[in-house]
Amino acid sequence: MEIYVKNIDGVWFGIASEEHRVLATTFGSDENDVIQSLKETLHLTGPMKTSVPSALEEKAFSAMKRIREGKGTPDNVSLCMDRLPTYTQCVLRTVSQIPVGYVSSYGGVAEATGGGARAVGNAMAKNPFAPIVPCHRVVTSSLGLGGYTGGLRVKYDLLKREKRGYTEAKNIQVESGTLKVFPVEFVLGKLEKLLAKRPL
DNA sequence: TGCAAACCATAAC
DNA sequence: GTTATGGTTTGCA
């Protein structure tokens, strides 16, 4: 298994891969934090070897860069979820289908996947593929931000860049059922009122 | 608003 | 098996 890190426009991106399969991805402002995060996600200890990124990693890096810039999710990155619990995989795949410009709620994802809201929150918290699996697009049912492992500020910034001007909620079909999504503007609108009172 | 109880998959014992 | 733990939700004062 190898770990790759790369600084793009001041942001550190990290990838852990093995035999041409992406096992985990993450990003952050500090190189060591990114490496540490990958190791914790994969339950690894000790030093990791790094090497020159192959086409696979380069593709993943550019995907993460695009997402961070709010340009949407390229779906050509193959992620290896084999080791994850079945339900977690289902949740991650479902969340991956939330389009740019829209968000869904923990409860909504739960309904679509036949689980519980808290369980979805758990899956998000442990999402090994941030931000490629867009867990930042999952918020609370009351249009609050919810949580984010990388910090709420980061989640907020990501969502701000994903504004597309949509005005209506809609349902989309996912493998396990129907998922209700609504414009990210709904969340941002409420949030800005809140921020006026109590800054993030 | 704020609080308490119900909820559900996981990980750790 | 059992228990503890969340990036939740909902209902009710």
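A, B, ... follow the sequence lines: proteins, then strands. Residue 1 opens every chain. Because only heavy atoms are used, hydrogens play no part in the values below, and waters and symmetry mates are left out as well, while side chains stay in.
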In whole angstrom, give the distance that lies between atom [atom1] of [X] and atom [atom2] of [N].
X	N	atom1	atom2	value
Arg118(A)	dA5(B)	CZ	P	13 Å
Glu111(A)	dC8(B)	CD	C1'	15 Å
Arg83(A)	dA11(B)	CZ	C1'	13 Å
His43(A)	dA12(B)	NE2	P	6 Å
Tyr87(A)	dC8(B)	OH	P	10 Å

Ion pair check, Glu162(A) and Arg137(A), cut-off under 4.0 Å: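 Counted as a salt bridge, because a side-chain N and a carboxylate O are separated by less than 4.0 Å.
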Lys/Arg-Asp/Glu bridge criterion (N-O < 4.0 Å) met for Lys71(A), Glu69(A): yes
Where chain A begins and ends its contact with DNA chain C, read 5' to 3' at 4.0 Å from heavy atoms: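 Nucleotide range with atoms under 4.0 Å of chain A: dG6(C) to dT10(C).
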Same cluster (ILVMFWY, side-chain, under 4.5 Å), Phe186(A) and Val100(A):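 Cluster IDs for Phe186(A) and Val100(A) differ.
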Hphob cluster co-occupancy, Ile98(A) + Tyr156(A), side-chain heavy atoms under 4.5 angstrom: yes
How would you label the contact of [X] with the nucleic acid (heavy atoms, under 4.0 Å): base, sugar-phosphate, or nothing?
X	result
Val138(A)	base
Gly107(A)	sugar-phosphate
Ser142(A)	nothing
Gly116(A)	sugar-phosphate

Val109(A) side chain reached by Val95(A) side chain, heavy atoms, under 4.5 Å: yes
Min side-chain heavy-atom separation Leu79(A)-Val133(A) under 4.5 Å: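 They are in contact (side-chain heavy atoms under 4.5 Å apart), so the answer is yes.
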Proximity of Tyr102(A) and Tyr166(A) rings by center, below 6.0 Å: yes
Runs of at least three Watson-Crick or G-U pairs with DNA chain B, cut-off 3.5 Å: B:1-6 with C:8-13, B:8-13 with C:1-6
Verdict with reasoning, Lys6(A) to Glu58(A), per salt bridge (Lys or Arg N to Asp or Glu O under 4.0 Å): CA-CA 10 Å; Lys6(A) 188 174 189 176; Glu58(A) 289 299 357; 2.9 Å; yes
Parallel, tilted or perpendicular, as decided by the 30° and 60° cut-offs, for the rings of Tyr148(A) and Phe27(A): tilted
